[in-house]
Protein chains: 2
Amino acid sequence: MALAVRTQPAKRTESRAKRRRQLINATIRCIARRGLSGTTMGEVARVAGLSQGIVNLHFQSKDNLLTETLRFLSDEYKALFERTLAQSGPGAAEKLLALMQLDLKPSVCDRQKLAVWFAFWGEAKSVPTYQKICDAHDREYDEVMLKLCESIINDGRYKGVNAQQVVDALSSMTDGLWLAALIRPKSWDRHEAFDAVYSYLGAVFPRHYS
Amino acid sequence: MALAVRTQPAKRTESRAKRRRQLINATIRCIARRGLSGTTMGEVARVAGLSQGIVNLHFQSKDNLLTETLRFLSDEYKALFERTLAQSGPGAAEKLLALMQLDLKPSVCDRQKLAVWFAFWGEAKSVPTYQKICDAHDREYDEVMLKLCESIINDGRYKGVNAQQVVDALSSMTDGLWLAALIRPKSWDRHEAFDAVYSYLGAVFPRHYS
DNA sequence: ATAAAATGAATGATCATTCATTCATTTTTC
DNA sequence: GAAAAATGAATGAATGATCATTCATTTTAT
């Protein structure tokens with residue numbers, strides 16, 4: 001990932017939306033590289049190839065830039081999530097599996113992207129806005145997962161299987177696998193991670209996953 | 001959690017070890033409250049009820065203070081882990097369960113403490129020292145878990161159960177449950193978290209957990 | 001008296017924000 | 001169509017606040 005590589009002179013002015021997007025992308029890159037502590041407005045500007053003033057022009061403050069960056073991440077994920085649901089097979093089991101696969105997909109479970117997620121989670125307790133955005137994000141995700149699990153339980157007549165528990169276990173597992181990918185990149189393996197998730201699905205819903 | 005409440009005048013001088021410990025505790029409190037970005041040497045000194053200079057005297061630099069703080073957390077957890085192993089029943093299944101319970105125990109799975117763990121994880125990619133400490137920590141934990149799982153698999157003659165997979169699933173699950181406790185404190189429930197873990201154990205090792 | 005712990009102000013660096021100025025584009029006037 | 005005026009994007013230096021580190025001095029323990 002080369003920072004601030006510019007192969008040709010950029011247009012000096014650009015639409016507001018494009019500029020904001022450019023600055024958010026630069027922010028993501030800076031956070032991924034330097035963490036939240038090391039992310040400065042100066043560095044965001046440098047990575048974006050723009051001036052420091054324009055960051056403030058578009059986002060008013062550093063706090064707002066970071067908040068908007070987190071919102072962007074959340075919205076981006078949401079779009080992927082919805083597309084995954086729309087494009088997967090019609091059954092609840094297929095959709096659930098597709099969502100698990102989404103979380104471990106190279107473009108989502110990418111170490112740069114994970115570093116950014118964890119950077120915001122790391123500040124969630126001290127910055128209530130981040131916590132709210134993350135909470136809302138999780139909640140949406142979980143509701144869909146819950147419906148899918150309930151559907152599978154009904155379909156497969158699984159007794160003693162609690163849908164909420166399965167959702168808690170699955171979503172925790174993927175978050176934890178993300179952490180492992182971040183902390184232990186050398187020993188982490190995408191397929192093994194998927195196998196761990198799949199083996200859970202197989203254990204809980206043997207008639208749907210085996 | 002009252003910061004810097006002093007009910008009586010502290011001794012002006014104190015042993016080196018006690019001072020360092022005091023400063024590390026103050027650091028943990030600051031990180032829990034303000035995050036890593038908001039943790040300053042000035043605030044650590046204030047919370048410890050000491051001068052700014054003494055923080056540098058004992059730790060040389062902010063970076064070193066934070067690194068030592070992470071090491072302290074890791075060592076503290078390790079001591080608890082070993083004590084839990086020593087005090088649990090003799091069987092692998094009992095020990096594994098005890099370790100799962102340790103992770104969800106109020107004194108360990110405490111939102112202040114979690115905030116600090118996540119703060120360091122959030123900077124793991126940008127601060128290689130943090131990553132190394134966390135990686136080593138995880139590795140030790142996982143080795144013990146692996147042996148316990150292998151033992152249970154042998155004892156219960158579980159076919160098609162892969163010990164490494166179970167370890168990956170369990171440790172990810174607890175990390176993810178920690179994240180949920182941090183992001184969603186209002187809806188998070190310790191017993192439900194444990195139930196999710198226990199149901200996984202029951203699904204994978206039905207002859208040992210039910 | 002000496003050595004070590006501890007203080008807290010000074011220091012220089014860094015940072016987020018501001019703002020005077022420049023630049024590019026659009027609109028208006030002729 | 002061309003030139004001038006208006007508008008808004010963009011620049012980057014200035015500014016004041018904040019911060020980590022340093023160090024001269026004070027305090028404490030032996």
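Chain identifiers are assigned alphabetically (A, B, ...) following the order of the sequence lines, protein sequences preceding nucleic acid strands; residue numbering begins at 1 within each chain. All values reported here derive from a predicted model rather than from experimental measurement. Heavy atoms only: backbone and side chains are in, while hydrogens, waters and symmetry mates are out.
Atom-to-atom distance recorded for A/Lys105:NZ and A/Arg190:CZ is 11.0 Å, nearest 0.5 angstrom.
Taking every side-chain heavy atom of A/Glu14 into account, D/dA10 is the closest of D/dC19, C/dT7, D/dA10.
Summarising the geometry, the separation between CG on B/Leu66 and P on D/dC19 is reported as 14 Å, rounded to the nearest angstrom. For the pair B/Arg16 CZ and C/dA6 P, the computed distance is 10 Å after rounding to whole Å. When rounded to the nearest whole Å, the span between CG of B/Leu50 and P of C/dA5 equals 13 Å. Distance A/Phe59 CZ to D/dA9 P: 13 Å, rounded to the nearest Å. At whole-Å resolution of the value, CD in A/Glu43 and C1' in C/dA16 are 15 Å apart.
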For nucleotides 21-28 of chain D, which of its nitrogen or oxygen atoms have a protein nitrogen or oxygen under 3.5 Å away, and what is each distance?
{"residue": "D/dT21", "atom": "OP2", "partner": "B/Lys62", "partner atom": "N", "Å": "2.7"}

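When each of A/Phe81, A/Tyr130, A/Trp117 is checked for a ring pair (Phe, Tyr, Trp, His ring centres under 6.0 Å) with A/His137, only A/Trp117 meets the rule.
Under 4.0 angstrom from either OP1 or OP2 of D/dA10 there lies at least one side-chain N or O belonging to A/His58.
A salt bridge links B/Arg184 to A/Asp142: one of the charged nitrogens lies within less than 4.0 Å of a carboxylate oxygen.
Among the protein residues, B/Thr39 comes within range of the sugar-phosphate backbone only, with heavy atoms under 4.0 Å from sugar or phosphate atoms but none that close to a base.
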